[in-house]
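Read through the structure below, which is laid out as structure tokens, and then see the notes.
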Amino acid sequence: MAWAQPQHQVAPTDGSASLEGKVQDGQTQKYIAGAVVMAKNQTGVIYTQQITNADGSFQLKLDPKLPYIISTKAEGYGTVDEQLAFTSGSTNRLFGKTIVLFRINSKPAGPTKPLASPVHTTVSTVPSPPPARPATTPPVSEQPVVSNTSVVQTSRITPPKTLDAKVIYTPPPIGAAVGKTTQLQALQFVQSKAELLPDAQPTLEQLLAFMRDHATAEIELAGHTDNQGDFDENLKLSRQRVEVVKAYLVKNGIAANRVTTRGYGPTRPIASNNSETTRKLNRRVEMTVLKE
């Protein structure tokens, strides 16, 4: 996913900004027509969206003062969510963006080179006036879009220092077969509490998308801790934490009987408890697909 060195031009007088780019198949490197690229706010309400053209291109008109989740979907591919925030009020155009999607049950063998031409980021040299949300484009509720999404751990890639916007990437999802256990390491909690940290939100949304896309699937969520502290308290805490994850799914429309929870405390370590470096591997939530 590439961005180039900034160039300069006069800022638009209406305080608007744009994000332009293409959507590409991560294996074939062909551009994807008919993909849906959406800009949502942090609560999931769509600010604007567009279907990619025959050459995979898209252009979103945005308010540079607002943060967004850029969500990209296409039939047969896993959904990719990226956070975007224009960190400078003078940024008015980001273009040459390449969003890479991978087909369900496939994983990238290594870094993929996009086919896009050299890209450019246009930055204004004069302050933009205080922007107003376009009156003719109010946020709308998300419309159903065909999507297949599985659960993966969430990671972040630091964007180039020359980029005047912060982008947080989510890796492409992988399939989860019956009997397979997936570690959801990105579901991190406040120490010694059953309270999720803010960085857990993207993985929660991916887990919710998996349950929606696999309407008959049943899963088990298992909570684990390290061996530090009281054994009974750790056992209780591991149960409470997976119940928090289940409550999120149920609140968002997933039937409670599709999600089983178990707390194992420190009884099933996957690494040594002799140092903090390895103990943190034991503090985890795991998902096992019980039924498709």
Side-chain angles (χ1 to χ4, degrees), residues 42 44 69 78-81 83 107 148-156 168-214 217-273 275-292:
Q42 301 301 311
I69 297 174
T79 301
V80 171
D81 289 332
Q83 295 193 29
K107 293 179 64 178
N148 293 289
T149 306
S150 298
V151 181
V152 294
Q153 301 175 23
T154 301
S155 65
R156 296 188 175 192
I168 302 170
Y169 298 101
T170 303
I174 60 175
V178 173
K180 179 180 178 181
T181 297
T182 302
Q183 292 187 28
L184 307 178
Q185 289 283 9
L187 291 183
Q188 294 294 313
F189 294 80
V190 176
Q191 186 173 4
S192 302
K193 294 183 179 181
E195 179 182 340
L196 282 161
L197 292 170
D199 285 351
Q201 187 62 32
T203 299
L204 283 175
E205 293 174 357
Q206 286 188 326
L207 181 56
L208 177 61
F210 173 83
M211 295 300 288
R212 286 174 173 171
D213 292 343
H214 300 77
E218 296 179 9
I219 64 172
E220 176 185 285
L221 295 175
H224 303 270
T225 68
D226 59 28
N227 68 348
Q228 303 299 292
D230 181 77
F231 177 89
D232 290 335
E233 286 299 316
N234 280 334
L235 201 62
K236 177 182 177 182
L237 181 62
S238 66
R239 287 196 301 265
Q240 290 174 335
R241 285 178 168 177
V242 287
E243 283 295 329
V244 168
V245 179
K246 177 178 179 177
Y248 171 85
L249 296 175
V250 172
K251 179 181 177 181
N252 286 277
I254 303 303
N257 62 4
R258 295 177 58 198
V259 184
T260 302
T261 58
R262 295 185 184 276
Y264 293 100
T267 63
R268 296 189 178 185
I270 59 174
S272 169
N273 279 305
S275 71
E276 175 57 24
T277 302
T278 52
R279 278 197 299 269
K280 66 182 181 181
L281 299 176
N282 294 326
R283 302 191 293 265
R284 68 197 190 277
V285 172
E286 295 178 337
M287 180 196 79
T288 302
V289 179
L290 304 177
K291 174 184 175 183
E292 277 285 2

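Values below: every heavy atom of this structure, side chains too, minus hydrogens, waters and symmetry copies.
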Would the distance check show the side chain of [X] and the main-chain N or O of [Y] forming a donor-acceptor pair, the cut-off being under 3.5 Å?
X: R212; Y: I254; value: no
X: T278; Y: S272; value: yes
X: N234; Y: Q228; value: yes

Does a side-chain heavy-atom distance below 4.5 Å link [X] with [Y]?
X: Q240; Y: L237; result: yes
X: E292; Y: H214; result: yes
X: T267; Y: F231; result: yes
X: L197; Y: V190; result: yes
X: N282; Y: P269; result: yes
X: I219; Y: L207; result: yes
X: V259; Y: M211; result: yes

Practice task
Run the numbers on Q201 and Y248 for side chain to side chain contact (heavy atoms under 4.5 Å, CB included), then give the verdict.
Solution key: CA-CA 10 Å; Q201 187 62 32; Y248 171 85; 3.5 Å; yes
Exercise for the section: With sequence neighbours left out, write down each residue that passes salt bridge (Lys or Arg N to Asp or Glu O under 4.0 Å) with R284, or none if nothing qualifies. Expected result: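 Only E286 meet the salt bridge (Lys or Arg N to Asp or Glu O under 4.0 Å) criterion with R284.
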All heavy atoms of S238 vs all of G223, minimum pair found to be CB-O, 3.5 Å
Heavy-atom pair with the smallest gap, counting every atom of M287 and L184: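 Minimum heavy-atom separation between M287 and L184: CB-CD1, 4.1 Å.
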Under the ring pair (Phe, Tyr, Trp, His ring centres under 6.0 Å) test, residues paired with Y264 that sit two or more places apart
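Testing Y264 for ring pair (Phe, Tyr, Trp, His ring centres under 6.0 Å), a comparison that skips the adjacent residues, returns H224.
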Q.
Out of the candidates E243, E220, K246, R241, only one should pair with T261 under the side-chain hydrogen bond (donor to acceptor under 3.5 Å, both in side chains) rule; please name it.
A.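 Of all the options given, the one that passes is E243.
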message = What's the separation between atom CZ in R279 and atom OG1 in T225, rounded to the nearest 0.5 Å?
response =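 Reported to 0.5 Å precision, the distance equals 11.5 Å.
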